[in-house]
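Remarks on the structure that follows.
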Amino acid sequence: MMPSRWSALEKARSVCEALPWLTRHQNRTVVIKLGGHAMADERLTAAFARDVVFLRYAGLRPVVVHGGGPQIGAELERRGLASEFKAGLRVTSAPAMDVVRMVLAGQVQRELVGLINANGPLAVGMTGEDADTLTAVRHVPWVDGEPVDIGRVGDITRVDTGAIEALLADGRIPVVSSVARSAEDGHVYNVNADTAAAALATALRAQALVMLTDVEGLYAGWPAGGEVIARLTARELEKLLPELADGMVPKMTGCLHAVRGGVGTARVIDGRVPHAVLLEMFTDEGVGTVIVPDPDPDPDLDPEPGPGEPGPGEPGPGRAEARP
Ligand SMILES: Nc1ncnc2c1ncn2[C@@H]1O[C@H](COP(=O)(O)OP(=O)(O)O)[C@@H](O)[C@H]1O
Ligand SMILES: CC(=O)N[C@@H](CCC(=O)OP(=O)(O)O)C(=O)O
């Protein structure tokens with residue numbers, strides 16, 4: 001059926017509305033983290049792949065970091081290997097690490113690269129091991145005041161952006177799996193994908209970090225209910241961190257480190273919404289939860305939000321201010 005004149009006009013209007021954003025975003029680096037939960041629906045993942053290609057052709061430099069928690073969990077279960085999380089991180093034995101690496105680099109990353117390249121020969125898959133992009137040491141979290149051994153889980157100690165920069169300069173879209181080698185013991189470590197995305201965004205001096213997940217954003221009072229928190233400064237998030245649980249711990253810690261490390265904004269958005277990335281990058285809709293840098297680096301000078309300045313949970317005064 002021929003599109004009506006009205007719907008054709010609507011389309012033209014939508015394209016024109018994107019113009020100010022297109023101008024602003026030219027040559028900007030944006031690190032987009034796609035969570036494993038957000039990849040559960042193949043059609044949504046294919047739409048995500050198209051969005052990333054759109055960003056690239058619109059003049060941005062997108063870098064994709066993917067997760068795969070549910071996919072790893074399913075494969076571990078299939079093989080009868082234990083799957084347990086502590087402090088939001090998977091306890092990873094040596095045999096489990098083989099599965100993590102195989103699922104992330106051999107399965108999830110391959111699928112995503114294929115979906116992106118169905119729209120143009122742009123995506124190049126790599127892991128943190130390639131060209132020593134990510135170097136890690138064993139991560140030992142503290143749980144209830146005690147250090148806990150969670151096996152082959154890594155903390156990133158060094159990021160070498162050379163390979164990613166070369167791909168970006170060549171117009172490619174790097175698709176990165178979150179595994180890293182340790183320079184100390186030579187083992188490969190399982191790095192939470194949010195942590196990897198935040199470290200890469202910081203090292204690349206990205207204008208924005210966008211994390212797609214399976215909830216609308218960070219909820220206040222989770223899991224009892226409550227509203228999505230629209231905007232937090234880094235300092236407000238720092239205060240909130242000890243109250244957070246599960247997957248939100250690495251996610252929001254990553255957002256905090258990223259904005260403290262110089263990334264313009266870090267945003268958690270709902271990957272279940274088709275074209276969530278485009279809505280985020282090219283419209284005025286304030287989706288999800290955005291973390292912005294502190295307005296004032298000295299806490300004593302800025303104890304409370306000033307008059308007219310939004311506090312936690314209130315939308316910002318204008319999206320442009322908090323935008324990449
Ligand atoms: N305060 C909170 N607000 C929203 N979600 C939360 C909160 N605390 C914990 N969660 C959980 O965090 C999950 C998202 O993290 P995670 O499972 O690691 O997703 P992803 O695979 O996208 O990284 C949500 O599905 C939700 O169950
Ligand atoms: C240490 C750790 O927890 N690593 C994660 C890596 C994958 C990941 O982070 O995937 P999501 O983004 O889908 O959660 C894991 O093993 O599940």
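When a ligand or atom number is given, it counts from 1 through the structure's own listing order.
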Count the heavy atoms belonging to other residues, nucleotides or ligands that lie under 6.0 Å from CD of Gln26, then report whether that count exceeds 12.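 Yes.
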Taking everything shown except Glu184 itself, do over 12 heavy atoms lie less than 6.0 Å from its CD?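 Result for CD/Glu184: open.
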Provide the number and element of each atom of ligand 2 under 4.0 Å from a heavy atom of [X].
| X | result |
| --- | --- |
| Ala193 | 8 (C), 9 (O), 12 (O) |
| Gly69 | 10 (O), 11 (P), 13 (O), 17 (O) |
| Gly67 | 8 (C), 10 (O), 11 (P), 12 (O), 13 (O) |
| Asn190 | 1 (C), 2 (C), 4 (N), 5 (C), 6 (C), 15 (C), 16 (O) |

Any ion pair linking Arg13 and Glu10 (charged N to carboxylate O, less than 4.0 Å)?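 Yes, this pair counts.
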So that I can tick it off, tell me whether Glu236 and Lys239 are bridged by a salt bridge, with the cut-off set at under 4.0 angstrom between side-chain N and carboxylate O.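 Looking at Lys239 and Glu236, the cut-off is not met.
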Hey, does [X] sit under 4.0 Å from ligand 2 if you only count heavy atoms?
| X | result |
| --- | --- |
| Thr213 | no |
| Lys33 | yes |
| Gly68 | yes |

Tell me whether [X] contacts the main-chain N or O of [Y] through its side chain, where contact means a donor paired with an acceptor under 3.5 Å.
| X | Y | value |
| --- | --- | --- |
| Arg231 | Val290 | no |
| Thr157 | Thr135 | yes |
| Arg56 | Gly171 | yes |

Could you see which bit of Ile72 sits under 4.0 Å from ligand 2, with heavy atoms only: side chain, backbone, both or neither?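 Looking at Ile72 and ligand 2, just side chain atoms fall under 4.0 Å.
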If you measure from each non-hydrogen atom of Thr92 to ligand 2, which part falls under 4.0 Å: side chain, backbone, both or neither?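 The answer is neither.
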Taking the side chain as C-beta and beyond, is there a heavy-atom pair between Thr213 and Lys33 under 4.5 Å?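 The answer is no, as the side chains (C-beta and beyond) never meet within the 4.5 Å cut-off.
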For ligand 1, what are the residues with a heavy-atom contact below 4.0 Å?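 Residues near ligand 1: Lys33, Gly35, Gly36, His37, Asp194, Leu212, Thr213, Asp214, Val215, Gly217, Leu218, Tyr219, Trp222, Ala245, Gly247, Met248, Lys251.
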Option among Phe282, Phe48, Trp21 that satisfies the ring-ring contact (aromatic ring centres under 6.0 Å, His included) test with Phe54: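 So, applying the ring-ring contact (aromatic ring centres under 6.0 Å, His included) to Phe54 and each of Phe282, Phe48, Trp21, only Phe282 qualifies.
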Identify the closest protein heavy atom to atom 16 (O) of ligand 2: which residue and atom is it, and at what distance?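 Protein heavy atom with the smallest distance to atom 16 (O) of ligand 2: Arg90 NE, 2.7 Å.
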Taking all non-hydrogen atoms of both residues into account, name the closest pair between Val140 and Pro147 and its distance.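 Scanning both residues, the minimum pair turns out to be CG1-CB, 3.8 Å.
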Checking the N or O distance criterion of under 3.5 Å, is ligand 2 in contact with Gly36?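 It does: an N or O of Gly36 is found under 3.5 Å from an N or O of ligand 2.
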I'd like to know if the side chain of Arg61 pairs up with that of Thr29 as donor and acceptor (distance under 3.5 Å, no hydrogens or angles considered).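 There is such a pair (donor and acceptor under 3.5 Å, judged by atom type) between the side chains of Arg61 and Thr29.
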